[in-house]
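What follows is a set of notes on a single structure, which appears directly below.
In the text below, chain A, chain B and the rest are named by the order of the sequence lines, each starting its count at 1.
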Amino acid sequence: MADGFNPLERARWLRAEIERHNRAYYELDSPLISDAEYDALFRELLAIEDADPALRTPDSPTQRVGGAPLPEFSPVRHAQPMLSIRTETDFGEGGALAFDARVRRELKLADDAPPVEYCAELKFDGLAMNLRYEHGVLVLAATRGDGETGEDVTQNVRTIRELPLRLKGEAPAVLEVRGEVYMRHDDFARYNAAATERGEKTLVNPRNGAAGSIRQLDPRIAASRPLSFFAYGLGETQGWTLPATHAGILDALADFGIPVCGERVITAGADGLVAFHRHVGEARATLPFAIDGVVYKLNSLALQEQLGFITREPRWAVAHKFPAEEATTTVLAIEVQVGRTGAITPVARLAPVFVGGVTVTNATLHNEDEVWRKDVRVGDTVIVRRAGDVIPEVVGVVVERRPPGAEAFRMKDTCPVCGAHTVREPGEAVTRCSGGFSCRAQRIQAILHFAGRRMMDIEGLGERYVERLVEFDYVHGVADLYRLTLGDLLEMKQRADERDGTVPETVKAGQTPTRWAENLLAGIAASRRPTLARLLFALGIRHVGESTAKTLADWLGSIERVRRAPAPLLAVLPDIGATVAAAIADFFAEERNVRAVDELLCPEIGVAPADEHAPRPGLGERLGWAELYAVLGVPRLTPLRAKQLAAVVDGATLAREGVNEPLLSDAGLPADVLAALADWLQGRGHRGLLAAVAARRDELLAALPPASALLPAAAPLDGKTFVLTGTLPTLTRDEAKALIEAAGGRVSASVSKKSDYVVAGAEAGSKLERARELGVAVIDEAALRDLLARQQSPQLPGETVEQAAERAEHS
DNA sequence: GCACCTCGAGTTCC
DNA sequence: CTCGAGGTGC
């Protein structure tokens, strides 16, 4: 080039310059150049990159304003799950004191040990985000989602100007930054003023503004919204030596150019936490952004590791919120709603009131006792807040302002929808409609539940359509959904429009709108292959939610086995006790339910779980002495007592020795139970016990088709010793242990030469190092699952050994 | 037998 | 998010 102009060099210089000005603008709050000059630099860079797209880099500031709108966000699995944080329930000083006390107890500190060091920060009210930098370049931004899987919103997050697209300084190979996207009060006000001027919709509050902007499919809209970001932690890192403390991490992030809130302290003991909470509470109104509390974290990472996690919440951190904003309004009416289980819930209709950032018009009153406790009456002036800043809640009544003659609420003794009488079981808080499936409200709710996102996930089937389908009798049970035709839907729509007296625009124009109906039919058709767990959850069996449905699917593997399993066998599964087991067995004993399930599964309708498999090995073994004792039918021998009995004596010994005091004294069983047991044994002869147990066991197992599939093909991990360390992505330590043991393996606490595998998860510590020293194989959760899955391939009914092996390959 | 934790169910608003 | 209820460990 004759004039020595090198576009590559120039582009590089422009990028650095633009980022420098960005930082000056946001971090130092002191722009070095005018907006016009900034724009000129920006446009020059755009021009160079447009002329030669090869010069465009992912970290270029021009990439902040992304290209075309996305059709939808793609799911992203987090390298490390995004955990939630426990919230202290006491809004006052007690919250800080309780946390400190818990930490000291867990760390086993003596009362006179020095105070523990904490890092205390603000809890920003925004949208949690995971930013992934690889070799210093922002490559992925994902929402939290369910903690395991979020959505890829990189395009929108790139538009946040104060976020570096490239890190300053020496960046590690991988650095995931956890933080909050939020909107400042002044930016929010300025944006709304401008939006009003343009005649556009305004944002309701900064929080929804931030969340809504990030969820825009068109990144140009997100770019127009003034968003900010604060980091508060880490996700996965590679090639980086972690600082020793949480405060150190925040400092390091700030050095990389990531925005970190300066309002944070390192402090010692409960006193420091209380002081910070009070200080921030006083300063809250003057902060330029919204917070809903403060967060305390144990500062030392080593101590954090020592405390670990309870399920998905760290034991070493806690959120301490401020009391929610309250407002007063009046109760216009108290109405009742009927849920899918028939539960009748009173709801207060309120005069609209703006509280906690939104206008509230309804608030649940939960149940009869709750209304009675708070003594809420129609016409009352009540204090309302958004519990946890989300769900509206009636805090209390201003009794002085009660209008004369206001009457106390009384639950009606008939269902408001179907007129059936209502019942309240003794000891239960809820009142239920006894109408069951003949109550329209319950049918509608049951179908809505079936279609829900975590169940069959039928797109396009919302409350409106379900109500109409049921009302006009096109759908009676869930199976009818799959029989709907285009004609049915159009006819229904026409009848609904006629009744409501509405005439859609398209009909006026002489057209027949079919698009929505086609979409709905496509949604229904697409739901025919749910996972077994989703199908079980969708059926709406009492006490069977998402988690229990997963347990059933996991252990029994097929809908046939679930529906044929006797209650005592179900009760053997983890977290399923007598009540839940009975609810499941009762459901499948009910004629109507049997028919409904048969219908769904029949070839004509063709719903079929996509992931049926053999039962988990170890199911038979779970039927131990405790379970078998419990189902013998000995009077007064409850499951709990059966367990106590099993702890001191197995069936063979009991049959041989009979009920003798020295043998059973350790069980701690009441005399009447022992007497009943002795009586029972008397009746059958002691030998009868073994026979009865064996028969019962066979009977339970034989109920499941086919019996052979229940027995593990081989214990795949027989004799292998495992050590668990760190937090696994999906399994808790106990689950991993159970899986390994069910497959014949052993789990030990420390690594030695005899260990076969160390299963390492996130934040693995010294055990991992020791494994490396000793040359013990280190595997992750996925590899563990492979080990468990690969070698076990029991056959499904009608399947050859080869087919089973092939299936195992694919799963 | 009690304390603790988890799960299920119902609900709000955008 | 809250409440109640079921399950389990101490």
Between A:I584 and A:V544, is a side chain to side chain contact (heavy atoms under 4.5 Å, CB included) present by the stated rule, with each step listed?
CA-CA 8 Å; A:I584 299 165; A:V544 177; 3.6 Å; yes
Please tell me which of the listed nucleotides, B:dC14, B:dT11, B:dG8, lies nearest to the side chain of A:S547?
B:dG8
Any idea which of B:dT11, C:dG6, B:dG10 is nearest the A:T364 side chain?
B:dT11
Quick check on C:dG7: is either OP1 or OP2 less than 4.0 Å from any side-chain nitrogen or oxygen of A:T579?
yes
Between A:R454 (CZ) and B:dC7 (P), how many Å, whole number?
12 Å
Do the charged groups of A:D369 and A:R424 touch, with an N to O distance under 4.0 Å?
yes
Donor-acceptor pair between A:Y182 and A:R207 side chains, under 3.5 angstrom
no
Roughly, in whole Å, what's the span from CG in A:D369 to P in C:dC3?
13 Å
Using whole Å, what does the distance between atom C1' of nucleotide B:dG10 and atom CG of A:L448 come to?
14 Å
Pair A:H185 + A:F289: ring centers closer than 6.0 Å
no
Less than 4.0 angstrom between a side-chain N/O of A:Q337 and OP1 or OP2 of B:dT11, yes or no?
yes
Salt bridge A:K123-A:D125, side-chain N to carboxylate O under 4.0 Å:
no
Check the pair A:I344 / A:R432 against side chain to side chain contact (heavy atoms under 4.5 Å, CB included), numbers first and verdict last.
CA-CA 6 Å; A:I344 299 191; A:R432 291 198 148 84; 5.9 Å; no
Measuring from the side chain of A:P392 (C-beta onward, heavy atoms only), which nucleotide among B:dC14, C:dG6, B:dT12 has the closest atom?
B:dT12
Relative to the ring of A:W516, is the ring of A:Y465 parallel (under 30°), tilted (30 to 60°) or perpendicular (over 60°)?
parallel
Strictly under 6.0 Å, is that where the ring centroids of A:W372 and A:F409 end up?
no
Rounding to an integer number of Å, can you tell me how far A:I541 CD1 sits from B:dC7 C1'?
15 Å
Between N or O atoms, less than 3.5 Å apart, protein on one side and nucleotides 8-10 of chain C on the other: list the pairs.
unit_1 : atom_1 : unit_2 : atom_2 : d
C:dT8  : OP1    : A:D575 : N      : 2.8

Please determine if a side-chain N or O atom of A:T345 lies less than 4.0 Å away from the OP1 or OP2 oxygen of B:dA9.
no
Starting from C1' on B:dC14, measure out to CD1 on A:I214 and report it in whole angstrom.
17 Å
For the side chain of A:N367, counting heavy atoms from C-beta on, which of C:dG4, B:dT12, B:dG10 is nearest?
C:dG4
I want to confirm an ordering. Mapping A:N362 and A:G339 to their closest nucleotides on DNA chain B, which one lands closer to the 5' end?
A:G339
Could you give the CZ-to-C1' distance, from A:R315 to B:dC4, as a whole number of Å?
12 Å
Are any of A:T361's side-chain N or O atoms less than 4.0 Å away from OP1 or OP2 of B:dC13?
yes
By the 4.0 Å heavy-atom rule, please label A:E370 as base, sugar-phosphate, or nothing.
nothing
Can you tell which of B:dC14, C:dG6, B:dC13 lies closest to the side chain of A:V204?
B:dC14
Is any side-chain N or O of A:R340 closer than 4.0 Å to OP1 or OP2 of B:dA9?
yes
Using a heavy-atom cut-off of 4.0 Å across all strands, would you classify A:V360 as base, sugar-phosphate, or nothing?
sugar-phosphate
So, is A:T548 close to the B:dG8 phosphate, meaning a side-chain N or O under 4.0 Å from OP1 or OP2?
yes
Interatomic distance where NE2 belongs to A:H449 and P belongs to B:dA9 [whole Å]
7 Å
Roughly, in whole Å, what's the span from NE2 in A:H366 to C1' in B:dG8?
15 Å
